A.B. asks: 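Input: one structure, supplied below.
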Amino acid sequence: MRSDSAAAVGSVKTSVGDAVGDTVSRALAGDRDAETEVCRRLLPAIRAFARRRLRPAAAEDFAQDALVLVLEALRGQRVREPERVASFALGICRNLARERARNGERRRELLAQFGLTDADFIVFDNHLELRREHLEDCFSQLTERSRDVIRATFCDEEDDAPIAAKLAISASNVRVIRHRSLAALRTCLEKPISWEGSR
Amino acid sequence: MKHGIDDAIANLDDYVRGHLPEGDVDSYEEDLFARALDDEAPELGFRQQLARTLQSMQARGTVRPWLTESGVAELLASGMSVRRFELDPANPTIPDLEGDFEILLTRIPVALEGVKHLDAEILTPDGHVLKVMPDIAFVPSENAIYACCERELARTAAKAKVVSRLWARDDHGRRLVAEMPSG
């Protein structure tokens, strides 16, 4: 089940730019740029995996734990099929989720052992930037109800049931409003800021 | 499962929020991780960018584009550097956007008695609609609305030659309450 969503927006190739297997192989050979690239690509998926199961703060800890374990496996040459590193990382996430091994001590040890700091996670995430004023411009074009749903979802991190209760609508309606609002924001963010249409 | 970028964004939302049927989760995760590694899961980047930027806007007080007086008081007490501007609809001017500030707060006096709903519209001078901002927050007794935006957006807007229209809805229908050329 491979989605064609990437094709719909055009795949953004990175500076590494070669086949995934090659990038992973270079990471396995000790190339730190390739290793960073592998982490950069996997971290958002790991975070989504964690966010599905955990509250935000715990999800971020989980994502860091899982990525450290992926890195440990890469540096320990334990990824035997480089082209299957995505499945390998998913397996780590599933095992970690099963174990719920969110042991602070082990995490600190691993972070120390592999020399990872919070700054490394910032490097993995540094492509995750939106122009605040652009989002602000797009956000202001949503209806009040859409703004409420998006704000409650992403800023207040509320579940759908309390959002629905607050807005006096059904939870399924919250889901539909969120999907429509996300599509509207995505479309708007692909265009220039609206004010720039009159220069 | 549907395809296309907006469907991918919706599918990811369903996955993260626990709405995906349990039977679909394993295959969804396999696909998501594989596409992430191939740099072909743009919905992941979009969702995380959106969440981070919204949270940053929340912290700065700009996640609400329209404020009422209670929101203004909160913003002013937040410690952000706020430049206040009074926009006279009858004689609109451009605010001073030089110097050091983070947020522009614009007060626009409007007679709001009986008004139930307010929308703003931004048009080019030849009438092309650039944007519509629906559902402006207001308290009728305040007889003013307050627009709040980041300095960068204010500077971008100030460079544009536009006409701003404010539409009210009351028991008698929809009416234009202000039209303000700028630039």
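Everything numeric here is computed off the predicted structure, so don't read it as measured data. Protein chains get the first letters and strands the later ones, always in sequence-line order, with residue 1 at the start of each.
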A.B. asks: Would you say the side-chain atoms of Arg41(A) pair up with the backbone N or O of Ala36(B), donor to acceptor, closer than 3.5 Å?
C.D. replies: no
A.B. asks: Does the Arg52(A) side chain pair with the main chain of Tyr15(B), one donor and one acceptor, at a distance under 3.5 Å?
C.D. replies: yes
A.B. asks: Tell me, for Cys188(A) versus chain B, whether the close heavy atoms (under 4.5 Å) come from the side chain, the backbone, both or neither.
C.D. replies: neither
A.B. asks: What part of Ile193(A) gets closer than 4.5 Å to chain B, counting heavy atoms only: side chain, backbone, both or neither?
C.D. replies: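 Answer is side chain: those atoms of Ile193(A) sit under 4.5 Å from chain B.
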A.B. asks: Against chain B, label Thr153(A) side chain, backbone, both or neither, depending on which of its atoms sit under 4.5 Å from a heavy atom there.
C.D. replies: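 Thr153(A) touches chain B through backbone and side-chain heavy atoms alike.
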A.B. asks: Please confirm whether the backbone N or O of Arg165(B) pairs with a side-chain atom of Glu179(B), one donor and one acceptor, at under 3.5 Å?
C.D. replies: no
A.B. asks: Please rank Thr187(A), Leu189(A), Ile150(A), Ile46(A) by heavy-atom pairs under 4.5 Å with chain B and give me the top one.
C.D. replies: Ile46(A)
A.B. asks: Can you find a side-chain donor-acceptor pair between Arg180(A) and Ser146(A) that sits under 3.5 Å?
C.D. replies: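 Not at all, the side chains of Arg180(A) and Ser146(A) share no donor-acceptor pair under 3.5 Å.
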A.B. asks: Got a sec: does the CZ of Arg94(A) have more than 12 other heavy atoms crowding it under 6.0 Å?
C.D. replies: yes
A.B. asks: Measuring heavy-atom distances to chain A, does Arg60(B) have an atom under 4.5 Å in its side chain, in its backbone, in both, or in neither?
C.D. replies: side chain
A.B. asks: Evaluate the side-chain hydrogen bond (donor to acceptor under 3.5 Å, both in side chains) criterion for residues Asp170(B) and His117(B): first the C-alpha distance (whole Å), next the side-chain angles of each, then the deciding distance (0.1 Å), finally the verdict.
C.D. replies: CA-CA 7 Å; Asp170(B) 57 21; His117(B) 194 97; over 6 Å; no
A.B. asks: Measuring heavy-atom distances to chain A, does Pro134(B) have an atom under 4.5 Å in its side chain, in its backbone, in both, or in neither?
C.D. replies: both
A.B. asks: Got a donor-acceptor contact below 3.5 angstrom from the Asn11(B) side chain to the Asp7(B) backbone?
C.D. replies: yes
A.B. asks: Non-hydrogen atoms of chain B under 4.5 Å away: do they reach the side chain of Phe49(A), the backbone, both or neither?
C.D. replies: both
A.B. asks: Using a strict cut-off of less than 4.0 Å between a Lys/Arg side-chain nitrogen and an Asp/Glu carboxylate oxygen, indicate whether Arg47(B) and Glu43(B) qualify as a salt bridge.
C.D. replies: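 Judged by the 4.0 Å cut-off on N to carboxylate O distance, Arg47(B) and Glu43(B) do not form a salt bridge.
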A.B. asks: Sort out for me which of Asp14(B), Val25(B), Ile122(B) touches chain A most, counting heavy-atom pairs under 4.5 Å.
C.D. replies: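 That would be Asp14(B).
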A.B. asks: For Pro42(B) versus Ile5(B), what's the shortest heavy-atom pair and its separation?
C.D. replies: CG-CD1, 3.7 Å
A.B. asks: Examine whether an atom of Arg51(A) lies under 4.5 Å from a heavy atom of chain B, and if so say whether it belongs to the side chain, the backbone or both; otherwise answer neither.
C.D. replies: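 Both parts, backbone and side chain.
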A.B. asks: Who among Val63(B), Leu37(B), Asp119(B), Asp126(B) has the most heavy-atom pairs with chain A under 4.5 Å?
C.D. replies: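 Maximum pair count with chain A is reached by Leu37(B).
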A.B. asks: I'd like to know which of Arg147(A), Arg132(A), Arg145(A) tops the heavy-atom pair count under 4.5 Å against chain B.
C.D. replies: Arg132(A)
A.B. asks: Please confirm whether the backbone N or O of Leu50(B) pairs with a side-chain atom of Thr53(B), one donor and one acceptor, at under 3.5 Å?
C.D. replies: no
A.B. asks: Would a distance-only check, ignoring hydrogens and angles, find a side-chain to backbone donor-acceptor pair under 3.5 Å from Glu196(A) to Thr156(B)?
C.D. replies: no
A.B. asks: Does anything in residues 157-164 of chain A reach chain B? List residues with heavy atoms under 4.5 Å apart, or say none.
C.D. replies: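 Glu157(A), Glu158(A), Asp159(A), Asp160(A), Ile163(A) fall under the 4.5 Å cut-off.
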A.B. asks: For the interface with chain B, which of Glu136(A), Arg175(A), Glu144(A) has the highest count of heavy-atom pairs at distances below 4.5 Å?
C.D. replies: Glu136(A)
A.B. asks: For Arg178(A), is it the side chain, the backbone, both or neither that has a heavy atom under 4.5 Å from a heavy atom of chain B?
C.D. replies: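 For Arg178(A), the contact with chain B is made by the side chain alone.
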A.B. asks: Between Arg107(B) (side chain) and Ile145(B) (backbone), is there a donor-acceptor pair under 3.5 Å?
C.D. replies: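 No.
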